[in-house]
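We're numbering straight along the sequence, starting at 1. Only heavy atoms go into these numbers, but all of them, side chains included; no hydrogens, no water, no symmetry mates.
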Amino acid sequence: QVQLVESGGGLVQAGGSLRLSCTASGRTFSIYTMAWFRQAPGKEREFVAAINWSGGSTYYADSVKGRFTISRDNAKNAEYLQMNSLKPEDTAVYYCAAKDISGRYYTWTSYDYWGQGTQVTVSS
């Protein structure tokens with residue numbers, strides 16, 4: 001099992017920045033990809049960004065490309081999401097997720113492990 005704990009959400013004005021953190025514990029050697037998903041009220045959970053644990057390849061949703069940056073610190077078993085130029089439409093609960101090598105990185109059903117979620121609210 002892998003446990004994920006997120007932190008860093010909050011309230012920010014449009015144009016501002018936030019940094020989310022996620023720390024993994026447990027069977028972290030089984031992690032191949034870590035990602036961030038988000039879910040706004042009344043909407044489906046959507047892919048935000050992903051990073052491969054070994055090579056560091058990164059992937060982004062078109063809606064956040066150029067504004068968000070995903071990174072990792074293998075020594076700390078942690079991943080981060082730096083969010084800049086935030087927009088009101090970025091408002092959602094953000095979830096950290098981890099999976100093994102199987103499945104598509106952009107499909108939430110591919111992920112076996114999830115954090116508890118952290119609220120990000122962007123005011124206009």
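Going from atom CD1 of Ile101 over to atom OG of Ser110 covers 12.5 Å, rounded to the nearest 0.5 Å. Rounding to the nearest 0.5 angstrom, the gap separating the OG atom in Ser63 from the CZ atom in Phe47 is 9.5 Å. The CD atom of Glu89 sits 8.5 Å away from atom NZ of Lys43, with the distance rounded to the nearest 0.5 Å. Here the OG1 atom belonging to Thr69 is positioned 6.5 Å from the CG atom belonging to Asn84, to the nearest 0.5 angstrom. If you take SG on Cys96 and CZ on Phe37, they are separated by 10.5 Å, rounding to the nearest 0.5 Å. Annotation: the span from Asn77 atom CG to Leu4 atom CG amounts to 10.0 Å, rounded to 0.5 Å.
The two residues Arg38 and Glu46 make their nearest non-hydrogen contact at NE-OE2, 2.6 Å. In plain terms, the two heavy atoms of Ala78 and Trp53 that are nearest each other are O-CH2, 3.3 Å. Residues Ser17 and Ser85 share a closest heavy-atom pair of OG-N, 4.4 Å. Across every non-hydrogen atom of Ser124 and Ala14, the tightest pair is CA-CB, 4.4 Å.
Checking side-chain atoms of Tyr111 against main-chain N and O of Tyr105 turns up a donor-acceptor pair under 3.5 Å. Thr91 contributes no side-chain N or O that, together with a main-chain N or O of Thr121, makes up a donor-acceptor pair within less than 3.5 Å. Using modelled atom types, no side-chain atom of Tyr59 and backbone atom of Asn52 make a donor-acceptor pair closer than 3.5 Å. Here the side chain of Thr33 pairs no donor or acceptor atom with the backbone of Ile51 at under 3.5 angstrom.
In the hydrophobic clustering of this structure, Val120 does not group with Tyr80; members are Ile, Leu, Val, Met, Phe, Trp, Tyr whose side-chain heavy atoms approach within less than 4.5 Å, directly or through other members.
Contact annotation: the side chain of Gln3 never approaches that of Tyr113 to less than 4.5 Å [non-hydrogen atoms, C-beta and beyond]. In this structure the side chain of Phe68 never reaches within 4.5 angstrom of the side chain of Ile70, judged on heavy atoms. The closest side-chain heavy-atom distance from Val93 to Thr118 is not below 4.5 Å. With contacts defined as side-chain heavy-atom distances shorter than 4.5 Å, the pair Arg67/Lys87 qualifies. The closest side-chain heavy-atom distance from Leu81 to Val48 is below 4.5 Å. Side-chain contact between Met34 and Val2: absent, with no pair of heavy atoms (C-beta onward) separated by less than 4.5 Å.
Heavy-atom contacts from other residues, nucleotides or ligands closer than 6.0 Å to CD of Gln1 number 12 or fewer.
Side-chain contact check for Ser30 and Asp100: no donor-acceptor pair (N or O, by modelled atom type) lies under 3.5 Å.
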Review point. Yes or no on side chain to side chain contact (heavy atoms under 4.5 Å, CB included) for Cys22 and Trp36, after CA distance, side-chain angles and deciding distance?
Key: CA-CA 9 Å; Cys22 176; Trp36 292 93; 3.7 Å; yes
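The salt bridge (Lys or Arg N to Asp or Glu O under 4.0 Å) pairs that include a residue from residues 3-27 number zero, where partners must be two or more places apart or lie in different chains.
Of the options Asp90, Leu20, Val122, a side-chain contact (heavy atoms from CB on, under 4.5 Å) to Met83 is made by Leu20 and by none of the others.
The pair Asp62-Lys65 meets the salt-bridge criterion, with a side-chain N (NZ, NE, NH1 or NH2) lying under 4.0 Å from an Asp/Glu carboxylate O. Look at Glu79 and Arg72 and you find no salt bridge, because none of the NZ, NE, NH1 or NH2 atoms lies under 4.0 Å from a carboxylate O.
Checked against a 6.0 Å centroid threshold, the rings of Trp108 and Tyr95 do not count as neighbours.
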